[in-house]
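Just so it is clear: chains get the letters A, B, ... in the order the sequence lines come, proteins before strands, and each one is counted from 1. What's counted below: heavy atoms across the whole structure, side chains too, no hydrogens, waters or symmetry copies.
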Protein chains: 2
Amino acid sequence: MSVATASPPLSIADAAQATGLTPHTLRYYERDGLMLEPIERASSGHRRYTEQDLGWIVMLTRLRGTGMPIREVRAYAELCRAGDGNEAQRLALLHAHRERVLAQLAAVQENLEAIEYKIGLYEGRVGSP
Amino acid sequence: MSVATASPPLSIADAAQATGLTPHTLRYYERDGLMLEPIERASSGHRRYTEQDLGWIVMLTRLRGTGMPIREVRAYAELCRAGDGNEAQRLALLHAHRERVLAQLAAVQENLEAIEYKIGLYEGRVGSP
DNA sequence: CCTTGACTTCGAGCCCACTCGAAGCACCAT
DNA sequence: ATGGTGCTTCGAGTGGGCTCGAAGTCAAGG
């Protein structure tokens, strides 16, 4: 059994620190239905982030970081929340996202090449008298 | 001499068609100082886009498509407008942009890999009973 | 002549994703 | 007890990048 590391829940400030988001953003995500479930509270009412919470935040940050809109992250979260039985839907959502990201990557790379060509022109011109 | 293809200037609708932007966006870009110079007008006051104009629009679309903010495109346009003598500055601007784009590409690719790993998990689970 | 339709300008509106501020409560150290 | 810090909620504000609508003008076709 892995009882070794039962790390204690984190305050919102620590969770922000750990995820690279701000406390404001963490609250906003929760309000907006992006979390799998409402974050647990201490008796004081303060949020307590578990390791699972952090793991999910990392995933959603990756989704956001690849350009998935908030509303689609929410849709994905809702599927996960709904429990077993909709894995195919989740998979379809992730697949569709993957295709979009690949297309986007290809487009950016093509544009970048054209820009690098332009840079080459400038370097040629700048290097010569 | 290449006198062969002296293509006539285009209406804003045709230029929009040709560049994949909307007429609204083309006017907005011009208003916002993103064009190298004000677009020529027909006697009616209607814009007439030349091939040079289209070429520049393609370039600026590539800059935008790689995430360069409007204000920086404007800065680049201003440098170009200023004429010779600031090639080093333009180059520096493009170089800086290139670095940002490469960093961004790397980040997106890393995130995408993690998402693909997740997809792999779902496919494994979905494939089995 | 008169309509049609593509254009013009100007300013406002919209969407997205945060980002912030105000007012209030809870705990902890002095 | 008291001040400080760190949280809470709520709602409003910001910035970027378009996007749109209204009102007017012009050239061509019927």
side-chain hydrogen bond (donor to acceptor under 3.5 Å, both in side chains) between R90(B) and Y76(B): does it pass, once the steps are laid out?
-> CA-CA 6 Å; R90(B) 296 184 217 170; Y76(B) 182 65; 5.8 Å; no

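dC20(D) atom P lies 6 Å from atom NE2 of H24(B), rounded to whole Å. The CD atom of E30(B) sits 16 Å away from the C1' atom of dC18(D) (whole-angstrom rounding).
Closest-nucleotide positions on DNA chain D for G45(A) and T25(B) were compared, and the one nearer the 5' end corresponds to G45(A). Along DNA chain D, the nucleotide closest to A13(A) and the one closest to M68(B) are compared, and the more 5′ of them pairs with A13(A).
The outermost nucleotides of DNA chain C lying under 4.0 Å from heavy atoms of chain B, listed 5' to 3', are dC7(C) to dG11(C).
A salt bridge is absent between R62(B) and E113(A): the closest approach of a Lys/Arg side-chain nitrogen to an acidic carboxylate oxygen does not fall below 4.0 angstrom. Residues E116(B) and R98(A) are paired through a salt bridge, judged by an N-O separation under 4.0 Å between the basic side chain and the carboxylate.
When only modelled atom types and interatomic distance are considered, S11(A) and H46(A) share no side-chain donor-acceptor pair under 3.5 Å.
Here S11(A) lies in heavy-atom contact (under 4.0 Å) with sugar-phosphate atoms only. Note on P23(B): nothing from the nucleic acid sits closer than 4.0 angstrom, heavy atoms only. Among the protein residues, R31(B) comes within range of the nucleic acid bases, having at least one heavy atom under 4.0 Å from a base atom. Across all strands shown, R48(B) has no heavy atoms under 4.0 Å from either base or sugar-phosphate atoms. Nucleic acid contact for R27(B): base, since at least one base atom lies under 4.0 Å from a heavy atom of the residue.
Side-chain atoms of E87(A) come within 3.5 Å of backbone atoms of G85(A) as a donor-acceptor pair (strictly under, hydrogens ignored).
When distances are taken from the side chain of P69(B) to each of dG17(D), dC18(D), dT8(D), the shortest belongs to dG17(D).
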